[in-house]
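One structure is given here, and the rest of the page talks about it.
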Amino acid sequence: MIILGLILLVIGFVTGISILWTIGIILAVVGAVLWIVGGMGHAVAGRRHYW
């Protein structure tokens with residue numbers, strides 16, 4: 001999810017499409033939060049590991 005967010009950020013920046021930029025930021029932030037929460041040992045959405 002983080003990688004997809006970064007890809008969308010780059011595509012949105014290069015093409016100037018603001019919706020891709022916004023979606024990319026949201027996906028990158030959500031992916032980072034899930035990664036941090038999963039790394040702390042908490043179950044995320046019923047799974048022990050995020051991946």
**Prompt:** Linking I/L/V/M/F/W/Y whenever any side-chain heavy atoms sit under 4.5 Å apart, do Leu27 and Ile19 land together?
**Reply:** yes
**Request:** Nearest 0.5 Å please: distance from the CD1 atom of Ile11 over to the CD1 atom of Ile23.
**Result:** 11.5 Å
**Message:** So, applying side-chain contact (heavy atoms from CB on, under 4.5 Å) with Ile7, which one of Val10, Ile3, Leu9 is it?
**Reply:**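 Going through the options one by one, the only one that passes is Ile3.
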**Request:** Among Ile26, Leu20, Ile25, find the residue that satisfies the side-chain contact (heavy atoms from CB on, under 4.5 Å) test when tested with Thr22.
**Result:** Ile26
